[in-house]
Amino acid sequence: MFPDEAERINKMKTRTLAIGWLTAMLASVPLVSHADEKADLSKSVASMDAGGKSAAGQSAVLERIAKDTQVPVATLKKQQETSGLGYGGLFIANTLAKATGKTFDQMLAEHQ
């Protein structure tokens with residue numbers, strides 16, 4: 001075997017392995033559509049809103065939102081009173097505010 005031929009064969013093996021690895025990696029990545037994401041978000045919002053229907057549930061939902069968003073429960077209660085948002089809306093607005101560097105009020109204004 002000539003040196004150039006051995007090098008060519010090694011390159012082909014490397015490419016074949018790389019293509020196989022990439023194909024395996026892509027096959028293991030779940031494909032999630034925007035419709036699926038929207039449905040999941042809608043379910044989460046509905047679950048939060050339903051969970052807040054009792055006094056104990058309200059406290060639990062607010063504590064969870066506070067933990068996830070680092071917004072104090074007292075602030076969340078005030079936001080809810082002034083905005084009229086449900087628990088899911090509070091979560092989304094505060095999460096987006098944190099992610100974008102905007103305020104809750106700015107997110108609320110964009111929503112409206």
Side-chain angles (χ1 to χ4, degrees):
M1 192 178 310
F2 296 107
D4 288 343
E5 186 176 352
E7 184 178 333
R8 186 179 61 79
I9 290 172
N10 282 336
K11 285 182 181 179
M12 285 176 47
K13 285 180 183 178
T14 301
R15 283 186 195 140
T16 302
L17 285 172
I19 290 170
W21 179 80
L22 182 59
T23 301
M25 291 299 294
L26 290 174
S28 68
V29 175
L31 299 177
V32 178
S33 71
H34 290 293
D36 291 340
E37 290 174 351
K38 186 176 179 181
D40 288 344
L41 182 58
S42 293
K43 285 179 188 175
S44 295
V45 167
S47 176
M48 285 182 214
D49 290 341
K53 290 193 179 193
S54 69
Q58 291 170 3
S59 179
V61 171
L62 286 171
E63 288 291 334
R64 180 58 192 217
I65 294 170
K67 181 180 177 187
D68 290 348
T69 62
Q70 283 97 39
V71 175
V73 170
T75 302
L76 292 170
K77 286 180 179 180
K78 185 182 254 186
Q79 289 174 342
Q80 190 175 36
E81 289 170 10
T82 59
S83 69
L85 292 175
Y87 298 104
L90 284 176
F91 175 75
I92 292 170
N94 280 292
T95 301
L96 287 173
K98 183 178 178 184
T100 61
K102 295 182 179 183
T103 67
F104 172 83
D105 290 332
Q106 287 172 316
M107 298 311 306
L108 185 60
E110 287 185 28
H111 172 67
Q112 294 171 344

Please tabulate, for side-chain N and O atoms in residues 56-66, each donor-acceptor pair with protein atoms closer than 3.5 Å (sequence neighbours left out).
unit_1	atom_1	unit_2	atom_2	d
Gln58	NE2	Gly52	O	3.3
Arg64	NE	Asp68	OD1	3.3
Arg64	NE	Asp68	OD2	3.0

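Contacts classified as salt bridge (charged side-chain N to carboxylate O under 4.0 Å, His left out) and involving residues 101-112 (residues at least two apart or in different chains) are given here: Lys102-Glu110.
For the side-chain hydrogen bond (donor to acceptor under 3.5 Å, both in side chains) test, no residue two or more places apart in sequence or in another chain qualifies with Lys77. Considering only residues two or more places apart in sequence or on other chains, Gln70 meets the side-chain hydrogen bond (donor to acceptor under 3.5 Å, both in side chains) condition with Lys98. For Gln79, the side-chain hydrogen bond (donor to acceptor under 3.5 Å, both in side chains) test picks out Asn94, with sequence neighbours left out. Partners of Lys78 according to the salt bridge (charged side-chain N to carboxylate O under 4.0 Å, His left out) rule, which considers only residues two or more places apart in sequence or in another chain, do not exist here. Taking Thr82 as the reference, nothing meets the side chain to side chain contact (heavy atoms under 4.5 Å, CB included) condition, with sequence neighbours excluded.
Between Gln80 and Leu85, the shortest heavy-atom distance links the atoms CG-O, 3.2 Å.
Looking only at side-chain heavy atoms (C-beta outward), Ile92 and Met107 stay at 4.5 Å or farther from each other. Within the 4.5 Å cutoff, side-chain heavy atoms of Phe104 are placed close to those of Leu90.
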